[in-house]
Amino acid sequence: MLDINLFRETPDLVRQGLEKRGVDPATVNEVIDLDVQRRDILQEVENLRAERNQGSKEIPKIEDPEKRQEKIEEMRAVGERIDALDEELSEVEESLHHLMATLPNLPDESTPVGEDDADNVVLKTVGEIPEFDFKPQAHWDLGPALGILDFERGVKLSGSRFYVLNGAGARLQRALISFMLDTLLEQGYIERYPPFMVKEDIVFASGQLPKFEANLYHDHAEDFWWVPTAEVPLTGLHKEEILEADDLPLEYVAYTPCFRREKMSAGRDVRGIKRGHQFDKVEMYVYCEPEESEDKFEQMMADAERVCQRLELPYRVNQLCSGDMGFAAAITYDIEVWAAGCGEWLEVSSVSNTRDFQARRAAIRYRPEEGASTEYVHTLNGSALGVPRVLIAVLENYQHADGSVVVPEVLRPYMGGMEVIRPE
RNA sequence: GGAGGGAUGGCCGAGUGGACGAAGGCGGCUGUCUUGAAAACAGCUGUGGGUUUAACCGCCCACCGGGGGUUCGAAUCCCUCUCCCUCCGCCA
């Protein structure tokens, strides 16, 4: 949620920022209009309330029953006006809230202006793209040949975009998750295991609702929403709390599965395990004071990159343009690893600073110092990393001509010492 | 799934129509006393919105789990939802 004060004080900056994100700049005027209306009505209704409070206090002191009745009638009339204005007020407030709820965060100055992923900027490339003296296979051929990846039975169980991992494949995935978590714990993150189904207001707080409802799974019977990313419960963790400055920063890491309908990506990446309805991810999440959020952003990037480095996967870092960034983000860097078999850069991480955007939606504040008034924290999120795509890169980059796959060294302790995955 | 009991400020806990943003206690902060600390004593101690201001202060409004209703007036009465606790059933 954007700060309403920005609309009051620097409407031009808001207009420019929103325009970069493809929002009609006229929306800013709508917001300002509603805000003015809101305050006008509010003042009037509050004055009437003050009048009624005053009058009601006097009533029990009036001795003369006739005069007393007169006052009651008078206050009843005031009450009726209050009711009418209240109704008007809640309509205006609802419109304002709905409008504000659909506006994305303003892009950081450094965010390149653009429409879609074609306008993203590659910041750096790290590591060597592996060379092969044979034609490397894509994971959708390699995995089934190894017997570790079963698409047919995934479809039998749940339909398209589902798969089953077998044996060493399942274990490799579990190894990746543990390795990622441990790597981040080393950096001082605190592990959290949140619910995978959450209430609607929690999904709203992180910004996935109301705009992206079509991409979420929803249980109508209980009104649960399945988390599309751990970012959702990790934002909700401190919803409506006032944190102590001494406790900041809070640096969390959580493993969760993620559930996405992928309605928006129908027909894209249908082959393999690149884009499923269910996938695993290890997520970093930081709550901090505004002054430190830029440093934390850099730190989280370094932490996500470290995971790629230890797995010895070549990767590149992109800065997302204004049109491609997520709803809540002011700045986002993506990490893509190279997958030799399908010959693609695969997005495995997205690190974003949402500044106070999510904190405002979720009402997460802190007290900068004893006795001071509260301020919104800054929140940042980043994947470290999305598991299936890392799995793809490991399988495809570490493959040999005979169809076997060497287990990256850092994962071996998590695989009972297994060094090579061979066809069964 | 069935039966009953609850939800009040950072915490405990009083409060069944007006003097209640809320007694009392604990905790916290400030002051007095003290070389310092403890103790004692005194004062202060929630959040959000609006208004005003350079800023503080002030003033007004709202908030006693959420929503709705009755009333001139609701923490208090009514309806409804959610959550927690106890007992029974079922269950990894």
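Computation of the quantities below employed the complete heavy-atom set of this structure, encompassing side-chain atoms and omitting hydrogens, waters and symmetry-equivalent molecules. A note on names: the letters A, B, ... follow the listed sequences, proteins ahead of strands, and every chain is numbered from 1.
Side chain of A:S90 to main chain of A:E87: a donor-acceptor pair is present (N/O by atom type, distance under 3.5 Å, no hydrogens or angles). Here the side chain of A:D35 pairs no donor or acceptor atom with the backbone of A:V31 at under 3.5 angstrom.
For A:F259 and A:F196, the ring centers sit 6.0 Å or farther from each other. Checked against the 6.0 Å centroid threshold, A:H139 and A:Y163 do not count as a close aromatic pair.
The ring-ring contact (aromatic ring centres under 6.0 Å, His included) search around A:F179 returns none, not counting sequence neighbours.
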*Report the C-alpha separation of A:E58 and A:K61 in whole Å, then their side-chain angles, then the decisive distance to 0.1 Å, and conclude whether the salt bridge (charged side-chain N to carboxylate O under 4.0 Å, His left out) test is met.*
CA-CA 5 Å; A:E58 285 166 17; A:K61 294 176 194 150; over 6 Å; no
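Taking the P atom of each, B:C12 and B:G17 are spaced 27 Å apart, rounded to whole Å. Straight-line distance between the C1' atoms of B:C44 and B:U80: roughly 41 Å, to the nearest whole Å. Only the C1' atoms considered, B:G18 is 28 Å distant from B:G6, to the nearest whole Å. With P as the reference atom, B:G28 and B:A39 are 9 Å apart, rounded to whole Å. The gap from the P atom of B:G25 to that of B:G13 amounts to 16 Å, rounded to the nearest Å. The separation of B:A74 from B:G67, taken at their P atoms, amounts to 15 Å, rounded to a whole angstrom. Comparing the same atom, P, in B:G66 and in B:U82 gives a spacing of 15 Å after rounding to whole Å. Between B:A23 and B:C64, the two P atoms lie 15 Å apart (nearest whole Å).
Taking for each of A:K199 and A:Q43 the nucleotide of RNA chain B with the nearest heavy atom, the 5'-most of the two is the partner of A:Q43. When the nearest nucleotides of RNA chain B are assigned to A:I242 and A:R8 by heavy-atom distance, the more 5′-ward of the two goes with A:I242.
Distance CD (A:E44) to P (B:A62): 16 Å, rounded to an integer number of Å. Atom pair A:E94:CD and B:G67:C1' shows a separation of 14 Å (rounding to whole Å applied). The separation between A:I82 atom CD1 and B:C61 atom P is 10 Å, rounded to whole Å. A:F224 has its CZ atom 12 Å from the P atom of B:U82, to the nearest Å. Between the P atom of B:G50 and the CG atom of A:L85 lies a distance of 18 Å, rounded to the nearest Å. Straight-line distance from the CD1 atom of A:I364 to the C1' atom of B:G48: 16 Å, rounded to whole Å. Taking atom CD of residue A:E240 and atom P of nucleotide B:C63, one finds them 17 Å apart after rounding to whole Å. In this structure, A:L34 atom CG and B:G49 atom C1' are separated by 17 Å, rounded to whole Å.
Taking the charged nitrogens against the carboxylate oxygens, A:D86 and A:R49 do have a contact shorter than 4.0 Å, which makes a salt bridge. The residues A:R310 and A:E186 are annotated as salt-bridged, a charged nitrogen and a carboxylate oxygen being separated by less than 4.0 angstrom.
Below 30°, between 30° and 60°, or above 60°: for A:F212 and A:F327 the angle between ring planes is above 60°, a perpendicular geometry.
Contact annotation: A:T374 side-chain N/O to B:G48 OP1/OP2 distance is under 4.0 Å. For B:U51, one of the phosphate oxygens OP1 or OP2 lies less than 4.0 angstrom from a side-chain nitrogen or oxygen of A:R39.
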Is there any protein nitrogen or oxygen under 3.5 Å from a nitrogen or oxygen in nucleotides 69-76 of chain B, and what are the pairs?
{"unit_1": "B:C72", "atom_1": "OP1", "unit_2": "A:R76", "atom_2": "NE", "d": "3.4"}
{"unit_1": "B:C72", "atom_1": "OP1", "unit_2": "A:R76", "atom_2": "NH2", "d": "2.2"}
{"unit_1": "B:C72", "atom_1": "OP2", "unit_2": "A:R76", "atom_2": "NE", "d": "3.3"}
{"unit_1": "B:C72", "atom_1": "O4'", "unit_2": "A:I72", "atom_2": "O", "d": "3.3"}
{"unit_1": "B:C72", "atom_1": "O2'", "unit_2": "A:S56", "atom_2": "OG", "d": "3.1"}
{"unit_1": "B:G73", "atom_1": "OP1", "unit_2": "A:R52", "atom_2": "NH1", "d": "3.1"}
{"unit_1": "B:G73", "atom_1": "O4'", "unit_2": "A:S56", "atom_2": "OG", "d": "3.2"}

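The pairing partner recorded for B:G9 is none, the criterion being a Watson-Crick or G-U wobble arrangement whose two distances lie under 3.5 angstrom. Across all strands shown, B:C41 forms a Watson-Crick or G-U wobble pair with B:G31, both key distances being under 3.5 Å. Here B:A62 sits opposite B:U47 as a Watson-Crick or G-U wobble pair (both hydrogen-bonding atom distances under 3.5 Å). The pairing partner recorded for B:G1 is B:C88, the criterion being a Watson-Crick or G-U wobble arrangement whose two distances lie under 3.5 angstrom. Partner assigned to B:G73 is none, using Watson-Crick or G-U wobble distances below 3.5 angstrom.
Residue A:R367 has its side chain nearest to B:G46 when only B:C60, B:G46, B:A62 are considered.
No contact: A:R81 has no heavy atom under 4.0 Å from any strand.
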